[in-house]
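Report on the structure given below.
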There are 2 protein chains.
Amino acid sequence: MAIKNKTKYAILGVLCLKPCSGYDIKKFCDKTISHYWSENFGHIYPVLKQLQEEHFIQPSEDKASAKRNVFQITDEGKREFVEWLMLPPEIQSPRSELMLKLSFGNYIAIEHVIAMLGEVKDRNIRNLAYYRELEGSYLTNDAAKKDPAFPYWLAPLRHGILTSEVNIRWCEETVQNIKQYAPSNLEEDAYV
Amino acid sequence: MAIKNKTKYAILGVLCLKPCSGYDIKKFCDKTISHYWSENFGHIYPVLKQLQEEHFIQPSEDKASAKRNVFQITDEGKREFVEWLMLPPEIQSPRSELMLKLSFGNYIAIEHVIAMLGEVKDRNIRNLAYYRELEGSYLTNDAAKKDPAFPYWLAPLRHGILTSEVNIRWCEETVQNIKQYAPSNLEEDAYV
DNA sequence: AAATACATGTAACGGGTTACATGATTTT
DNA sequence: AAAATCATGTAACCCGTTACATGTATTT
């Protein structure tokens, strides 16, 4: 059977870096890997409990506060995680709502489609700016560069940069194509 | 509440093109839009029933076989579909297993990571070849070009082409970065 | 005659999201 | 004192996948 429950492995991965509470894990996901991975509390806490039962994680001693529930990964947990790492990543069946909508674009007014593509482009421009800033701070940090993990943290970031760039170009190209091949009501506006 | 059940709208979209049975819809998804949308029987048939109850679709007269259950979209169904089309596409929370695994690449042997990226690259090369072929047959078909839907069918295809290309480049770049910044055991092999 | 493709559906499962509930701690 | 943040957890829901069951029509 195919491996599901990727939350399990995401949590094990984060705990490989440092002991964390559920809250910490969520914060880490939101801050550091949010451009390619997301988690939510409703899933983290139950999985944390399950991982503890499987002895892949255990309560950590160094709790900052009595209320905090800090976990650390066990040797078994590390083994489990690395084993998963080496499996080929599952090819997920694609479901792009944008592409689906776009392919039926001739059912709505051309201005709508163009506006939609404009929003997509803007979002990608914002993302790109953010990625570029991150990349800059990475590349000028000599300590980070010496970390053996450096190229592995750089890779998803570079992917974000390259795909953002290509998405922007695609938006522009697509607007042009739409105007050229399906002029409809836009042409008239040009004379106003 | 956010709109879920996108299968509903995918089905309405396909039925806008022509009356279909559940089987036809599945076939259409697999053959025509599989690079950005997927459906499966276990979801299609129940949703088909639900759509009928909502009067968005109705049984079609022209059944080829007694066994086939062909549906056509109603005016209400068309309205429902177009209304959805005009809503901004939901931004889906990203979950790239490849990126997650890659960001922990320093936990496994470098050869493993390089092999993994090689497979990803190969898959993208295969996809690109397929997309390019499709694009060629599109661009040389004058009848298709005159269809007002032409740029809307072209757009997802172009997106596939551009992202495949960029993925290939990213794989190559990433392998280089890994070799440069995390040489480890590969260097030795170079002398063998 | 056997194998493949056509065709429709149900049941169980599970993964992930959202909303809800609750309270402590820190900052303004 | 109030607001914001920290922090943990549960319950309900629903979407989508997988596996199962069943039978017909067509091709080899």
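Being a predicted model, the structure only gives us computed values, none of them experimental.
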Length of the line joining [X]:[atom1] and [N]:[atom2], which is rounded to integer Å:
X	N	atom1	atom2	answer
Phe28(B)	dC6(C)	CZ	P	17 Å
Lys31(A)	dT5(D)	NZ	C1'	14 Å
Glu90(B)	dC15(D)	CD	P	11 Å
Gln92(B)	dC15(D)	CD	P	15 Å
Arg68(B)	dT26(D)	CZ	P	12 Å
Gln50(B)	dG9(C)	CD	P	15 Å
Asp24(A)	dC6(D)	CG	C1'	10 Å
Lys6(A)	dG14(C)	NZ	P	16 Å

Greater than 12 external heavy atoms within 6.0 Å of Glu83(A)'s CD: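 Atom CD in Glu83(A) is not crowded, with 12 or fewer foreign heavy atoms closer than 6.0 Å.
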Which nucleotide wins on minimum distance to the side chain of [X], given the candidates [options]?
X	options	answer
Tyr23(B)	dA7(C), dA7(D), dG16(C)	dA7(C)
Asn5(A)	dG15(C), dA7(C), dT8(D)	dG15(C)
Asn69(B)	dA7(D), dT8(C), dG16(C)	dT8(C)

Contact nearer the 5' end of DNA chain C, comparing Ser38(A) with Ser21(B):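 Final value for this comparison: Ser21(B).
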Distance, nearest 0.5 Å, that separates NZ of Lys8(A) from CD1 of Ile57(A):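 Here the interatomic distance stands at 11.0 Å.
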Straight-line distance of Tyr131(B) OH to Leu128(B) CG, nearest 0.5 Å: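 With rounding to 0.5 Å, OH (Tyr131(B)) is 9.0 Å from CG (Leu128(B)).
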dG16(C) phosphate, OP1 or OP2, under 4.0 Å from Ser93(B) side-chain N/O: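 Answer no for this pair, as no side-chain N or O of Ser93(B) is under 4.0 Å from OP1 or OP2.
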Phosphate OP1/OP2 of dG16(D) contacted by Thr7(B) side-chain N/O (<4.0 Å):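 Checking Thr7(B) against dG16(D): at least one side-chain N or O falls below 4.0 Å of OP1 or OP2.
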Ring geometry between Phe41(B) and Tyr45(B) (parallel below 30°, tilted from 30 to 60°, perpendicular above 60°):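 Plane angle under 30°, so parallel.
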Selection: residues 42-49 of chain B, any non-hydrogen atom under 4.0 Å of DNA chain C: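 Hits under 4.0 Å, by residue number: Gly42(B), Tyr45(B), Lys49(B).
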Lys/Arg-Asp/Glu bridge criterion (N-O < 4.0 Å) met for Arg123(A), Glu119(A):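 Result for this pair is no, no salt bridge flagged.
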Check: Gln52(A) and Pro59(A) side chains under 4.5 Å, non-hydrogen atoms: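 Answer yes - side chains close enough.
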Backbone of Leu139(B) reached by a side-chain donor or acceptor of Lys145(B) within 3.5 Å: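 A pair under 3.5 Å: yes.
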